[in-house]
Amino acid sequence: MATLVELIAKKRDGGSHDPGEIQRLIQALISGELADYQMSAWLMATFLRGLEPRETLELTDAMLGSGVVLDLSDVPGVKVDKHSTGGVGDKISLPLAPIVAACGVPVPMVSGRGLGHTGGTLDKLESIPGFRVDLSIADFRRIVREIGTCLIGQTKEIAPADKRIYALRDVTATVESIPLITASILSKKLAEGIDALVLDVKVGRGAFMKDLDRARALARSLVDVASRGGKGVTALLTDMDHPLGFAIGNALEAAESIDVLRGGGPRDILELTLDLAAEMLVLGKVEADVEGGRRRAQQAIDTGAAAEVLRKLIAAQHGDPRVVDDTSLLPRAKVVQTITAPRAGFVVDVDPLALGYAGVELGAGRTRADQAVDPAVGLVLRAPKGTEVRAGDPLIDVHASDEASFARVSARVASAFRIDDARVARGPLVFEALRGSGSSAP
Ligand code: URA
């Protein structure tokens, strides 16, 4: 049998691992037989040489198998989740999970926190007074069964190998590898005990993948590996070259999500939510096609059924469900200042990355995983791309903890906008869909 060093050398030299070899490496990492510096060498070799889809599946399985896989077999129906690769103003999980659950498809969702310029679902949920994301697995299972959805944080039992490997990738410049990202995302998502998964792969300046070719390659890899793993899977490639919706910041995004469930909210949030819900309802086998899925999802909003699921979910997770009917109960920033247009014209660009980092600087996000966030602060876009403005018209509201904090970010926020003489319309929200061949049987 090859030694661990020989396995590292094999990948370094561009070889393909035999079945079982990647399992051995991951098990050796967990047992302590393989040191972090050896794993780092293998990660760099993999970053440079790549993995075949078969190898990526083995890595995913090995990382998944390093922890528990939730057994949701006592929850009837096809369990479907959604994962987004992350963006600015991306609060879609908040309206989406209640809508899909209201349509009869269970949504067990293990979510993440914001890191870097992107926000995280858990931080947005925790802005709701009392809301807890640190539930036991038993409570998670019970709430999914009773209400149809539950949203919690990653426990230490879920894919611990990913946690170890991600920490190494972060400091060895090996994050941006398609097979490594694929195994990292899927090992965590498949640990939820789901039957199918919808992926929102973001493209643009506010996303991990800046161009369509790279995003498409990641989407293909995710769809291919999830299908090989026997899961139903669809990936949508969606725009992240403009913030999603108007709100950036935790309580502001929670309020905007509630607006969507009450029949209002920004058009792009509603449209993307309906598109993703439709794919989940098809994979969940309650609708035959996405047109039917969109109609059914819209009905769940119109009848109030989705808002009612959100009330129950918030109550079950120890939060105050009255926020669904009165968003003024959410935390509010002390200072709200408006940045205005310096000249007349059309807003031709709103840079999501600049606004994402401004949100972090205000305290809505974090630059290190152990930092706390301020739930109240953030930004509310008043003039998205395509808006005609006069000099002095509002571009964006800054919600800050104090005047000094506003002063620190105002130049950066203003620099996110470009105003010109000719109108430039926003492009499509969804570029394309990739559908897998997995079964999605419960
Ligand atoms: N998100 C993950 O969970 N893992 C990665 O490797 C990248 C993004």
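Reckoned from all heavy atoms, side chains included, excluding hydrogens, waters and symmetry mates.
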Asks: My understanding is that only one of Arg262, Lys91, Lys124 makes a salt bridge (charged side-chain N to carboxylate O under 4.0 Å, His left out) with Glu256; could you say which?
Replies: Lys91
Asks: Considering only residues two or more places apart or on different chains, which pairs with a residue in residues 276-289 satisfy side-chain hydrogen bond (donor to acceptor under 3.5 Å, both in side chains)?
Replies: Glu279-Arg435, Lys285-Ser440, Glu287-Arg296
Asks: Between Glu21 and Lys10, does any side-chain N to carboxylate O distance fall below 4.0 Å?
Replies: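 A salt bridge links Glu21 with Lys10.
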Asks: Quickly, which of Met280, Lys231, Met109 forms a side-chain contact (heavy atoms from CB on, under 4.5 Å) with Val80? Name it, please.
Replies: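 The passing option is Met280.
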Asks: Any salt bridge linking Arg141 with Asp71? Criterion: basic side-chain nitrogen under 4.0 Å from a carboxylate oxygen.
Replies: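 No, Arg141 and Asp71 are not salt-bridged.
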Asks: Would you call Glu55 and Lys11 a salt bridge, using N to O less than 4.0 angstrom?
Replies: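 Yes, this pair counts.
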Asks: Report yes if the side chains of Met209 and Thr85 come closer than 4.5 Å at any heavy-atom pair, otherwise no.
Replies: no
Asks: Report the distance from atom OG of Ser40 to atom CD1 of Ile8, rounding to the nearest 0.5 Å.
Replies: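 The CD1 atom of Ile8 is 9.5 Å from OG of Ser40, to the nearest 0.5 Å.
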Asks: Could you state the interatomic distance from CD (Glu361) to NE2 (His117), rounded to the nearest 0.5 Å?
Replies: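 Nearest 0.5 Å value for the CD-NE2 distance: 15.0 Å.
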Asks: Are Glu271 and Arg294 close enough for a salt bridge, meaning some N to O gap below 4.0 Å?
Replies: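 Salt bridge between Glu271 and Arg294, a charged N being under 4.0 Å from a carboxylate O: yes.
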Asks: Mind checking whether Arg267 and Leu270 have side chains closer than 4.5 Å, heavy atoms only?
Replies: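 Side chain of Arg267 against side chain of Leu270, heavy atoms only: contact under 4.5 Å found.
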Asks: Apply salt bridge (Lys or Arg N to Asp or Glu O under 4.0 Å) to Glu146 and list each qualifying residue two or more places apart in sequence or on a separate chain.
Replies: Arg142
Asks: If the test is side-chain hydrogen bond (donor to acceptor under 3.5 Å, both in side chains), which one of Arg205, Lys210, Lys385 qualifies with Asp241?
Replies: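 When Arg205, Lys210, Lys385 are each tested with Asp241, the side-chain hydrogen bond (donor to acceptor under 3.5 Å, both in side chains) holds only for Arg205.
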Asks: Are Lys82 and Asp200 within salt-bridge range, i.e. N to O under 4.0 Å?
Replies: no
Asks: Evaluate the side-chain proximity of Leu313 to Thr149: yes if any heavy-atom separation is below 4.5 Å, no if none is.
Replies: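 A side-chain contact under 4.5 Å exists here.
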